[in-house]
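Each remark here refers to the structure printed beneath this line.
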Number of protein chains: 2
Amino acid sequence: MKIPIGLADDHQLFLKSLGLMLESFGEYEVVVEALNGKDLQHKLAHQKTIPDLMLLDVNMPLMDGVETTKWLSATHPGIKLIALSMKDDDKAIIDMFKAGCCAYLLKDTHPTELEKALKEIRLKGYYNADASNVNFRRLLMKAEEKQDVILTVKETQFLSFACSELTYKQIAAEMNLSERTIDGYRESLFQKFHVQSRVGLCLEALRRGFVTL
Amino acid sequence: MKIPIGLADDHQLFLKSLGLMLESFGEYEVVVEALNGKDLQHKLAHQKTIPDLMLLDVNMPLMDGVETTKWLSATHPGIKLIALSMKDDDKAIIDMFKAGCCAYLLKDTHPTELEKALKEIRLKGYYNADASNVNFRRLLMKAEEKQDVILTVKETQFLSFACSELTYKQIAAEMNLSERTIDGYRESLFQKFHVQSRVGLCLEALRRGFVTL
DNA sequence: CGGCGTACCGGGAAAAACCCCGTATTTCTA
DNA sequence: TAGAAATACGGGGTTTTTCCCGGTACGCCG
């Protein structure tokens, strides 16, 4: 009896070909393939065989890896979750582990490494590549120090305007507010982001993903 | 006799599994797999079977898709080049076509679409997904207007300082120049980037990849 | 040689950004 | 029901940015 395994990745080519590869290992049978978290929710609902393992891409539209991981560990705690990502992004790794996955693999992993990882997860319940194991402590530290800042709706709105060539006067007009008011938002964001100039604010906003280029 | 095909992608999992998929189509034989452009150069040098088709990832370390495409179309004009990318990035598409590839496929293409594309390329010499065909003209326009700006060494240096919380006075001190001088660099960069504020400059520098977060 | 481009520097002024001092409302929650 | 927290606004002020004007020095080239 083969081990049922599930896949979620928004890149169809990768999704399908990864499936082929897993089946070529001989021990696995792909029982569910999804393009994102939402898709996976629907497919699992009408699924007779629930997979033992799930490979989840971190970056997916509609419902991303983190959300999907949270949902899966809440509703299907029996499934072992493995994060798959192309970027070696500290924040993403932390988030996935916090959400409940038990391994994080990069997409440039060698197939034999993947096979080894899957075997180890089935036996020990977890797997860590040497590299990610080493600086795991550092990652957690980093995650704590840069704790998620919570912004209000207005602050978020102002922030995206601040990351443009508009002057504060123009932003005030755009938001139908007094210059003093946006002055206040600037001030509170400077504090929350620990910066002291608009350029710094802008840079931090990009780094933290509040705005995109 | 099967059709020899080559692959280049820095994500090993994708590389290997895509190979499996191509071979599962029945008509193709993967004769060369590379992790980047440099790797491909070495491997092609000691290669008895030169592939008819090459699938190239756009984003690779060491030597990326664009450079690899340029090199291949210069040294192996017989190989039909197909760009593979995960991002639907206008600039990347243009660059790859300009460098000499004859098709651009997204990684979330369906496998049957890939098979169709390969067949069409072998018959007609090119392939365009409907979507990318439609706004091709628009893309070219866009590519022209944002022509590559050439920066001097000092400008580049100043630019990275400008993308920080330093004041111009501090930057001047850092670069051992007068405030007036860096004033000149600011001015010339504003012109080159078509912006009128430091925030705009900063944003453009990021967008164009002159500085990173 | 004189013209030309480049890097470099200075003064001054207007605009924008930054940073205080306040007040006042609403809304939510301990 | 007191008190955060979010929202909104005003009058000051300094510093920084932005944008002009002007100039010198150096090398290159026809």
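In what follows, every heavy atom counts, from backbone to side chain, and hydrogens, waters and symmetry copies are set aside. Proteins get letters first, then strands, A, B, ... in listed order; numbering begins at 1 in each.
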Contact pattern, 5' to 3', of nucleotides 18-30 of chain C - B, S or - by protein heavy atom under 4.0 Å
BB-----------
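A 6.0 Å sphere centred on NZ of A:K38 holds no more than 12 heavy atoms belonging to other residues, nucleotides or ligands.
The nearest whole Å value for the distance from the CD atom in A:E179 to the P atom in D:dA8 is 15 Å. For the pair A:L177 CG and D:dA6 C1', the interatomic distance rounds to 13 Å; values are reported in whole Å. Rounded to whole angstrom, the span from the CD1 atom of A:I171 across to the C1' atom of C:dA16 amounts to 11 Å. D:dT7 atom P lies 11 Å from atom CG of A:L189, rounded to whole Å. Protein atom CG of B:L166 is 15 Å distant from nucleotide atom C1' of D:dT17, rounded to whole Å. Here the C1' atom of nucleotide C:dA17 and the NZ atom of B:K169 are 15 Å apart, to the nearest Å. Rounded to whole angstrom, the span from the CG atom of B:L201 across to the C1' atom of D:dC19 amounts to 15 Å. Distance A:E155 CD to D:dA5 C1': 11 Å, rounded to the nearest Å.
In summary, A:D9 and B:K107 do not engage in a salt bridge, as defined by a charged side-chain N under 4.0 Å from a carboxylate O. A salt bridge links B:R207 and B:E204; the closest N-O separation between the charged side-chain nitrogens and carboxylate oxygens is under 4.0 Å.
Counting heavy atoms from C-beta outward, A:I182 and A:F161 have side chains that stay 4.5 Å or more apart. Considering only heavy atoms from C-beta on, A:I79 stays 4.5 Å or farther from A:D52 through its side chain.
Between B:E33 and the choices B:K16, B:K43, B:Q12, the side chain to side chain donor-acceptor pair (under 3.5 Å) rule is met once, by B:K16.
Proximity of B:T181 to the phosphate of C:dA7: no side-chain N or O atom is located under 4.0 Å from OP1 or OP2. Regarding contacts with the backbone of C:dG10, a side-chain N or O of B:S178 is found under 4.0 angstrom from either OP1 or OP2. Of the side-chain N and O atoms in B:T167, none sit less than 4.0 angstrom from OP1 or OP2 of D:dT15.
Contacts of A:S188 with the nucleic acid, taken as non-hydrogen atoms under 4.0 Å apart, are absent.
Checked against the 6.0 Å centroid criterion, the rings of A:F193 and A:F210 qualify as a close aromatic pair.
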